Every structure is written in C-alpha cells, then in structure tokens.
Amino acid sequence: MSEDSEKEDYSDRTISDDESDEDNFMKFVSEDIHRCALLTADSTSESFFPRTTQILLEYQLGRWVPRLREPRDLYGVSSSGPLSPTRWPYHCEVIDEKVQHIDWTPSHPEPVYIPSGLEMEPLYPNSREDTVVYLAEDAYKEPCFVYSRVGGNRTPLKQPVDNYDNTLTFEARFESGNLQKVVKVAEYEYQLTVRPDLFTNKHTQWYYFQVTNTQAGIVYRFTIINFTKPASLYNRGMRPLFYSEKEAKTHNIGWQRIGDQIKYYRNNQGQEGRHYFSLTWTFQFPHNKDTCYFAHCYPYTYTNLQEYLSTINHDSVRSKFCKIRVLCHTIARNMVYVLTITTPLKNTDSRKRKAVILTARVHPGETNSSWIMKGFLDYILGDSSDAQLLRDTFIFKVVPMLNPDGVIVGNYRCSLAGRDLNRNYTSLLKESFPSVWYTRNMIHRLMEKREVILYCDLHGHSRKENIFMYGCDGSDRCKALYLQQRIFPLMLSKNCPDKFSFSACKFNVQKSKEGTGRVVMWKMGIRNSFTMEATFCGSTLGNKRGTHFNTKDLESMGYHFCDSLLDYCDPDRTKYYQCLKELEEMEKHINLEKILEDSDTSLKEVPLDLESSSRGSDSSESNESQTYLLKLTSQIKNKKKHLNTKKERNSVIASHQNIGEEQEACDKGHLVQRHRESNSDVKDIKPNVSDVCICDYFRRPLPNQGLAPKTGFRSSVKTNKDGC
C-alpha cells in the first residue's frame, strides 16, 4: 500500500498494492470511437501483436491502427462498475438474502420509556429442557482472523430447529447482524445472547437480528442476558428499535421505538469473576407471519455507504467537487474510502485554502455516527449558498467509515484484529491497523501543505444523553489557547440548543486516551481536535426533552456542524468574541467556587461537565465530579439568548456593523489585558511561548481567509437553511 501525491492539489490519490479488488469493483471505461470498428489484439492474428488485452485496434481509413486501452479508474468509484462485494472472514456463515429498510421519520417525537417500578427481572437457571432455537457456531471456529472471501462461508447454512407453529424463527447472519444464541424458555418468552466482537470475549452491546413466524396480539418477552456495562441508557428510558416489513409495505413505516416493561439489571450469569447484565422488554407484533427486526440503534451498513457513494459518483454535478478515492484496504480487503470535497482549484492560490477533517465509524456499533456523517455530506454537497461558500473556502477530507470490517460482521467496538482502532493511532503496525495508519499519514501529509483548522471524529455514547464533544485541555499552553479550544463547541450549542449540550463537553487528555484520534491529531498540531459523541437515546434539552433522536435528528447535526463552522470563521468576529467572553465568565465562576471550597485542584484540569463519569463513552473517560457547575449551567442557559436563533444571531451582527474599529480594538485590548492578568502565574513548558503569545494570538489571522470578499456573508448568504 502506498499513497501518491495530490492531483490538482485537492485530492489525495491513494491505492493499494493489491488491485484485484478493483477488478470486481470497476469496469473498463466505455469506448466511443465514433463509428470505428474496435477489436482487442487477441481477437486478431497474433502474428502482429503479442496476446494482450491492453492494445486496442481501431479500423481507420482502411487499416488497423493500434493504441493502448484507456486506464482503469484505479483510484475511486467507477461510474460504470458495480459495487465492490463485501468480504467476510472465511468461516462466517452469511445468508443470501439482502436486508433492506426504508428511510422513514416518525411524524411525532417518540417519548422515552417511563418506568413504573413494577418491571420484572427475569432470571434463567440453566435447564436442559429449554429449546435452543438459534445458535451461531461459526464465530468461534478460529481464534484470530485468517483470511477473507466474498460472501463468507459457502457451505449450506444449518437451521437450528424446524419451524414450529408457535415458535419464533431468528436470524442474524446478514451484514451488521449480531445474535449468538436464542433459547425458548416459555411459550412466548425467549432468552437471547449477543455475540462478542469477533476474536475477542467482550464488547457485547450491539444487537441486530430478524424475527419471523410472528403472531399478532401475543405479548412476547425478550431478554438479552450477556451485557457487560453496569449502567445503560435503557435504565434512563431508552427503548429498543423495531422494524416490520409489512408495516413498511402497507403503511410506509420504518424503524420505530417500541417496548414495555423495559428493565436493565444485573443477573446471576457471572463467569470467571465477571458480572453480566440483562435487558428485558415485552412487545406485541402488529401482524401475523411478519418479518421483523430488532436493533440497538438505526443500522447503517457498509453496503449503505457504498450505495450512497455510488449515487454521488453518478451525479454529474456533485462528482465535480467531491472526489472519492480508496484510502486503503482493511485486513479483510474491504475498501476504506476518503472523500475530498472542495471547489476545483485552478490557480496557485490553492494552498491558501485551509482544511477540515471528519471521520466516523471507527467503532462499528456506533451507527448514529454514520447518520450524522450522512447529514453532513448531504448538506456540504448540496446546492445552498452556504454549502457553496464552504466548498469555496475549505478543503474537506472525509473518511466516512474507518472500520468497514467491523461493520460488516456486526462488531460493536473492534476491528478484525480484535483491537480498538481508536486506541491505535500511534501504532506503527500498518498491516494490523491500516485504516487509522493511513488516515494519520494522510493528515500528516496534508498538514505539510496547508493548515488544518479542525478535526472531528464522530462517535456514539452508551451512557449519556444529548450530543456533546470531547476536546483537549491545552493545559501546557497559554490561557488564550485554552479558552479558544472551547469556542467551536460553545457555538455549536448555541446553534443547536435542543440537541447539543455544552455543559456535557469535556476538555482533558487522559493517559489511557493518548492513542485516540482526537489526542494524536491535537499533538500533531491541530488546535481544534474533537470527538463528537451522540447518544444512543435522546435529548434532555429544550423542546426535545424526554424524546428519542431519530435519523433526521442525527442528520441535522451534520448541518449544524457546517453552520457553526461558518460562524467560527465569520469575518465579523462578533460571535467569536462573545463566546470568548462567556467562557471567561464561566472560568470566573469556577474560580470563585473553587476558592470558596478551598480546593487545590488546578482549574485547567477541570472539565466543564455535569456528569461524573463517561465510562459509557467510546472515546474518552473521566472520573471528575463537577457538582459546583449546577449553578453555572443555569447561567449559561441564560446567556444563550445572544446566539440562540438565526434571526437573533443576524441581528447581533447588524447591531455591530456600525461599531468603529477603535471600539473593536479597545475590546480586544481589554481581553488581552485580562488574559495577561489571569495568566501571569502560569508557566508554559514551551520555551518560545510566553505572555506575548496572547497578543500574537489575537494578531494571528483567524480562520476566515477567503470569506472576506463575501460582503455581509452571514446575514446575506445564509438563505437556504430552513429547509435543511
């Protein structure tokens, strides 16, 4: 595997050393020879040419003229070729049926489940009389990954039991499916076991399976018995997802939140000193003889991504500014794609464009991250004035699915190496962790050519509500940089107050997280390096309080990300300095509370978070408890009136357009002086960083180059957002 240099300075062409996969993915470019006969060399006399398929013969003016065949599109998605078939570990059993679901959004928000206190906690002692109705034995045939093949195991699939009249039939041997074993413990009660990540014995969180032979009007109980996390969003009102094929065909209804008697609890199935937890719920199927599905979160498969990228490539407009390339191949030989999104560069000023990097799905079970990524791509590739302005201003590098192997086999967290890729960005083992190795290398090469103003890795969170960010603390730098890293998340909370929680954001670097993408990119020099965490459940904020997020809610975060990026890079720095002042006020309150509590804890090591732990996070953890921020949260909410809505934000801009440069300079000087006073006793470990860095920080050109020519761009350009 190797990476070639950029073409036209805006697309990294990266190929693999094994081109056999492209043979299945791409066809030769169709030839148009304008009424000329066309033959390959091996179809004529071999006395003139050696046997080859690379020489074409055109009949022109009474004679055969040889020429070389046009090169194959080795670097990206061909406009004429089929989708690349998914490759599985050779021992995985895979059914032929292709599972598809319609895209649907509920007309009303789906409320979380409110416990009654009377929910049962079923415990199932082992009994030989129980009937095993589903068993996936293929997962344990190999201790580690050996090799892959298209379609997985080609031997006939075994069915565990015959189709009894009143017994449900289960299946999960399809893309992203996960179910290990099902035992029928009563007439309408089933005990389920989910499969750990392949080649590991842990990470049991993601489930996605099919149920057939249903009976309407019967109360069924399902209990998954081998979860490992002590706490879960299911205890905070989260409901399982359900899909009915008959509902989809007859009423155009897709995934919906269902379930009654929902309970998450510790069971008695502990083995080898480990404790397990159960999730139980009851449900009545809407139709007889229906094909239904249950899932932990809205599925988004590798095939879904390929189909989405194929539509972009076939679009004559979007394909001009979105170049799709193969970054590398996984250890199972599946393709990892990288998208370069920007207005095509035609002059030497191209290096002035700064870069923004987004990645997703390093943890395969966090499907909500793919829906956020889809929302971002839908907007940035759209025809709105703001999307055009972003493409004119920045170069976006996007890796939409970092772990396709894990996605295909239905893992929750790991790749087929049995390791968490988001702990291996510092690894030199290119063959074991190719996607993160090549991503890091691509970003490193990009930084040699242009400034990267923001990196964001999209994730899902299993224990906290809302959407929030993790950043890096910058405790070894001057105070201005320490506050600056919080400005973008604060802006995002202003633009999306009913989904994004700034109070849940954390800004610290733990030793156990030094191998994550967020920390590695920050240490490489990307000042704004974030992980965006999206809950599997829903919101506790504003109008969405007490409801689940659906796919449109998640997709809307992609739009709000773009909206906040425009605010952050607005030539009118009003909002930027407003957020900076708010952060200073927050810092003052924290300092005051800490003095009253006589605490010796350093301010810089205190994350702005109400939660006491993030062990449910799949990218960051912290054990600090910030009870003193309860007062601060209400004050932050009151301050949101400055930037809460588009109308209010634009009126703020208009009110500041008549302020003279002298007043603006005075405000900046005041901020500089306050930073100097607050930072007078803080020593920077870097010898070239001192108190002067604060002044340099404000003198430094902020990331708005290219936007200035757009006169009044935030008040006049933002015109097409309401329909997003």
Side-chain angles (χ1 to χ4, degrees), residues 464 466-497 499-509 527-528 530 532-533 540-542 564 567-568 573-612 614 620 622 624-644 648-649 652 667-668 670-682 694 697-698:
K464 295 167 67 174
N466 306 314
I467 300 172
F468 49 94
M469 278 182 162
Y470 291 128
C472 301
D473 57 7
S475 58
D476 61 338
R477 306 190 181 191
C478 61
K479 191 66 64 65
L481 295 180
Y482 159 75
L483 292 176
Q484 187 271 347
Q485 294 168 356
R486 290 154 169 76
I487 292 177
F488 183 81
L490 182 59
M491 285 183 170
L492 194 54
S493 72
K494 305 292 187 181
N495 292 334
C496 188
K499 301 183 187 73
F500 191 92
S501 171
F502 181 73
S503 65
C505 295
K506 294 182 178 180
F507 304 89
N508 57 5
V509 177
R527 182 185 305 170
N528 293 298
F530 303 109
M532 181 185 289
E533 297 275 359
T540 62
L541 306 170
S564 301
D567 281 340
Y568 183 74
R573 309 306 294 166
T574 301
K575 296 177 184 178
Y576 187 95
Y577 289 116
Q578 276 186 337
C579 288
L580 194 60
K581 289 178 181 179
E582 287 194 32
L583 290 168
E584 281 196 324
E585 292 299 319
M586 296 179 198
E587 187 181 37
K588 280 186 177 180
H589 283 282
I590 293 175
N591 275 331
L592 179 60
E593 293 292 336
K594 289 172 67 61
I595 292 174
L596 294 176
E597 294 176 4
D598 194 26
S599 172
D600 294 330
T601 305
S602 171
L603 167 65
K604 293 182 180 180
E605 295 177 355
V606 177
L608 298 175
D609 194 351
L610 294 174
E611 304 280 350
S612 61
S614 65
S620 278
S622 180
E624 292 90 354
S625 177
Q626 315 305 330
T627 57
Y628 58 83
L629 281 177
L630 289 172
K631 291 182 182 179
L632 182 58
T633 304
S634 62
Q635 294 168 356
I636 294 173
K637 289 180 180 178
N638 292 334
K639 288 179 180 288
K640 284 184 180 178
K641 61 185 180 182
H642 295 301
L643 301 168
N644 196 19
E648 290 171 342
R649 297 200 307 273
V652 169
D667 291 341
K668 291 183 180 179
H670 179 60
L671 282 172
V672 171
Q673 180 63 27
R674 291 166 65 183
H675 278 295
R676 281 178 171 172
E677 294 172 354
S678 62
N679 199 46
S680 60
D681 59 345
V682 178
I694 301 171
Y697 168 73
F698 285 113

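From a predicted model like this one, the values you see are computed outputs, not experimental measurements. Positions are given from 1 along the sequence.
Interatomic distance, OH of Y470 versus CE of M532, reported as 13.0 Å (0.5 Å rounding). In this structure, CD1 on I467 lies 12.5 Å from OG on S493, to the nearest 0.5 angstrom. Once rounded to the nearest 0.5 Å, the distance linking CG of L541 with OG of S503 reads 7.0 Å. The distance from atom CZ of F468 to atom CZ of F530, rounded to the nearest 0.5 Å, is 14.5 Å.
Between K464 and K506, the shortest heavy-atom contact is NZ-CE, 4.3 Å. Smallest separation of non-hydrogen atoms from C472 and V509: CB-CG2, 3.8 Å. Shown here for L583 and L483, the closest heavy-atom pair between the two residues is CD1-O, 3.3 Å. When all heavy atoms of D473 and N508 are compared, the pair lying nearest together is CB-CA, 3.7 Å.
Counting only heavy atoms from C-beta outward, the side chains of M469 and F500 approach each other to under 4.5 Å. Residues R527 and Q484 form a side-chain contact, since some pair of their non-hydrogen atoms from C-beta on lies under 4.5 Å apart. Counting only heavy atoms from C-beta outward, the side chains of F502 and M586 approach each other to under 4.5 Å.
Salt-bridge formation is not detected for the pair E587/R486: no Lys NZ or Arg NE/NH1/NH2 atom is positioned less than 4.0 Å from an Asp or Glu carboxylate oxygen.
Exactly one of D567, I487, T574 qualifies for a side chain to side chain contact (heavy atoms under 4.5 Å, CB included) with C579. That residue is I487.
Without hydrogens or angle criteria, R573 side chain to Q578 main chain gives no donor-acceptor distance under 3.5 Å.
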